[in-house]
Q: 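Below you'll find the structure I mean.
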Amino acid sequence: MIPFAEALARIADHIVPLGTETVPLAEASGRRLACDLTARCAAPRAPVSAMDGYAVIEAATQPGRAIAVIGEAVAGRRFEGRVGEGEAVRIFTGAPMPEGSDYVIMQEYATRTGDSVTFAEGYGPAGHVRAMGSDFDAGDVLVPAGTLLNARAMIGAAAADVAEVEVAVRPRVAIIGTGDELAVPGSAHAVRDAIPESVSYGVTALVGEAGGCVVHRAKCPDDLDALTRAAGEALECADLVIVTGGASVGDRDFAKPMFKPHGLSVIIPKVAIKPGKPVWLGKARGKIVLGLPGNPTSAMVTGALFLRPIFQALGGANVSHRWHSLPLAAPLKATGGRETFVRARFDEGGLVPIGNQDSGAQAALLEADWLIRCPPDQAALAPGSTVTAVSF
C-alpha cells in the first residue's frame, strides 16, 4: 500500500502518451490540446467602440453643442473618413474607431436631429473605447498545451484564428463491471437479492469528462474463466481498461487474476486512502488497466482522483490536480490513519461535509461536489478552518 502522492508519481512515470493528431476546430471540443495555441492577431485589432453611440474628439465636444454627423461605423465595416472638430460618427458596439476620434458618447445621452447631434450633461467620464490589444496581442499564448478543450477553452482556441488544432489522441476505454449481484438497471427489482449496476454509468461519465471515449462495456459474474475472456476482449479494443469490483482479497475477487494470463504487471498495488484503498493500476499487453472498488462512493472518489491524472498522462500533459484552499462552514471530524477524502458540498460560508460518508452510499453522491483532502490522523476541525479540496 503506497501513499496517494506516490501513486500520482507512478502514473506520471509509467504511462506513455498515445500521440497526437490534427483535427478541425469544430471537432476539437472535449479533446486535450497538444501544442500551445498562439494568437495570429491582436484583439481588438484596432481601437473599437464598447457601446452604441457616437465617436467624437473628446476635447472638442461639449454638452448642448450641436455637431455634424458625418457617417456611420458598424462592427466589421469601419468609417473610412476622418473625424474633425465639431464632427461625430454614429458608431455601434465592436466597430473600429474612426480615424481622429478618441471617445464614444453613449446614445442614451444623444439627441439626433437630421444630420446633427447634441449631447446631454453627464455623458462622461468613461470614453467607452477598447484599446487595440487590450484583450490579447498577436503571438500571445491563448490556450496552453495540455488544456482540455471545454467550452471556455474553445472560445480561446477560436479567438486564436486557427482552422485546425493538434490534439492528443483520444484514449479508447473499456469498462468491465464485475459481481454476481449486479443487474442491468430496470431489471434488478424483479430479481431477488440483485442490485442495479450503477458504478459503470458513473465511470462512463467520468471518462467523458476527462476526454476519453468508451468503446466497450461488459458486465460479468464472478467467474474467473468468463472474466479472463472479458479481459482479453477489452484489451483488444482499448487503450485503458477499467474494471470495477473484485479488488479485495476474498475467494471471489478476481479483478487482478483475470488479467494475469494477459501478462499483468502491477504498478500501483493499493493506495493508503479512504475511501478507495483497493484501487490499483497495472499494465497488460501494453495497455493500462485501472481497478476501481465496487462500492459506488469508493469508485467515484478513486475515479475522480485517478482517471484525471491518467488521462493527463495519456495526453502528454503534466499529472496534477487543481487543489483549492477553502474555508469550512461546518465541523469536520477527525480522520484515521489513512489520507482521507471527505465528500462535501459548497455552501454560502464554505465547505460542508455531507452526513453519509459510507463507501457504499449512492444518494449521498448527489450532494457532494468537493473532496476535502485530510492528512492521516488529522484532528477535528472547527468551522472557519481552511482545508485543501478538489472539485468532485
Side-chain angles (χ1 to χ4, degrees), residues 1-2 7 10-11 14-15 171-185 195-210 212-271 273 275-311 313-314 359-360:
M1 192 159 59
I2 64 174
R10 291 191 186 186
I11 288 172
H14 287 84
I15 295 182
R172 299 167 301 158
V173 180
I175 302 173
I176 304 173
T178 70
D180 290 335
E181 75 282 12
L182 302 180
V184 175
I195 62 172
E197 193 284 301
S198 61
V199 172
S200 70
Y201 294 89
V203 172
T204 298
L206 286 175
V207 167
E209 292 168 5
C213 177
V214 175
V215 297
H216 178 76
R217 288 176 63 171
K219 183 181 71 66
C220 296
D222 293 321
D223 176 88
L224 183 55
D225 290 338
L227 288 167
T228 301
R229 289 193 297 271
E233 293 171 0
L235 290 167
E236 284 292 324
C237 65
D239 304 300
L240 167 65
V241 178
I242 303 171
V243 56
T244 66
S248 295
V249 293
D251 293 339
R252 300 179 66 78
D253 289 317
F254 299 128
K256 289 176 185 172
M258 64 190 278
F259 288 96
K260 283 186 178 179
H262 305 290
L264 176 68
S265 61
V266 176
I267 298 168
I268 298 171
K270 288 183 179 180
V271 185
I273 57 174
K277 177 179 69 173
V279 65
W280 60 276
L281 185 75
K283 283 187 178 180
R285 296 189 192 172
K287 309 296 182 64
I288 302 298
V289 182
L290 175 66
L292 298 179
N295 281 325
T297 288
S298 293
M300 290 299 95
V301 170
T302 52
L305 292 176
F306 289 98
L307 276 175
R308 292 170 187 170
I310 286 171
F311 278 96
L314 288 172
S359 62

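When a residue number appears, it is its place in the shown sequence, counting from 1. This structure is a prediction, so every number in the text was calculated from the model and none was measured.
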Q: With a 4.5 Å cut-off on side-chain heavy atoms, are Phe306 and Val279 touching?
A: yes
Q: Minimum heavy-atom separation for Cys237 to Val215, with atom names?
A: O-CG2, 3.6 Å
Q: Got a donor-acceptor contact below 3.5 angstrom from the Asp180 side chain to the Pro221 backbone?
A: no
Q: Name all residues meeting the side chain to side chain donor-acceptor pair (under 3.5 Å) criterion together with Thr228; count only those two or more places apart in sequence or in a different chain, and write none if there are none.
A: none
Q: Lys219 side chain to Leu182 main-chain N or O, any donor-acceptor pair under 3.5 Å?
A: yes
Q: Within the 4.5 Å heavy-atom criterion, are Leu305 and Val271 side-chain neighbours or not?
A: no
Q: As an exercise, state the distance from CD of Glu209 to CZ of Arg308, rounded to the nearest 0.5 Å.
A: 7.5 Å
Q: Would you give the length of the straight line joining atom CG of Leu206 to atom CZ of Phe311, rounded to the nearest 0.5 angstrom?
A: 9.0 Å
Q: With a 4.5 Å limit on heavy-atom distance, are the side chains of Ile242 and Leu307 in contact?
A: yes
Q: If every non-hydrogen atom of Thr178 is compared with every non-hydrogen atom of Thr244, which pair is closest and at what distance?
A: OG1-O, 2.8 Å
Q: Compare every heavy atom of Met300 with every heavy atom of Gly202, then report the nearest pair and how far apart it is.
A: C-CE, 3.7 Å
Q: How long is the straight-line distance from CE of Met1 back to CD1 of Ile273, given to the nearest 0.5 Å?
A: 10.0 Å
Q: Any chance you could lay out the side chain to side chain contact (heavy atoms under 4.5 Å, CB included) test for His14 and Leu281, step after step, and finish with the verdict?
A: CA-CA 10 Å; His14 287 84; Leu281 185 75; over 6 Å; no
Q: Give me the atom names and distance for the closest heavy-atom approach of Arg10 to Pro269.
A: NH1-CD, 3.9 Å
Q: Looking at side-chain heavy atoms only, is the closest gap between Phe259 and Val266 below 4.5 Å?
A: no
Q: Do other residues, nucleotides or ligands put more than 12 heavy atoms under 6.0 Å from Lys283 NZ?
A: yes
Q: Could you grab the distance from atom CG of Asp223 to atom CZ of Arg229, nearest 0.5 Å is fine?
A: 7.0 Å
Q: Please list, one pair per line, the donor and acceptor atoms closer than 3.5 Å that link side chains of residues 287-295 to other protein atoms, with sequence neighbours excluded.
A:
from   : atom 1 : to     : atom 2 : distance (Å)
Lys287 : NZ     : Leu235 : O      : 2.6
Lys287 : NZ     : Ala238 : O      : 2.9
Asn295 : ND2    : Ser359 : OG     : 3.3

Q: If I compare all heavy atoms of Leu264 with all of Gly282, which pair ends up nearest, and what's the gap?
A: CD1-CA, 4.2 Å
Q: Could you work out, with salt bridge (charged side-chain N to carboxylate O under 4.0 Å, His left out) as the rule, every residue matching Glu236, not counting sequence neighbours?
A: Arg285
Q: Hey, are the side chains of Val301 and Pro275 touching, using non-hydrogen atoms and a 4.5 Å cut-off?
A: yes
Q: Looking only at non-hydrogen atoms, find the nearest pair between Ser200 and Arg217 and report the distance.
A: OG-NH2, 2.8 Å
Q: Roughly how far, to the nearest 0.5 Å, is CD1 of Ile11 from CD1 of Ile268?
A: 4.5 Å
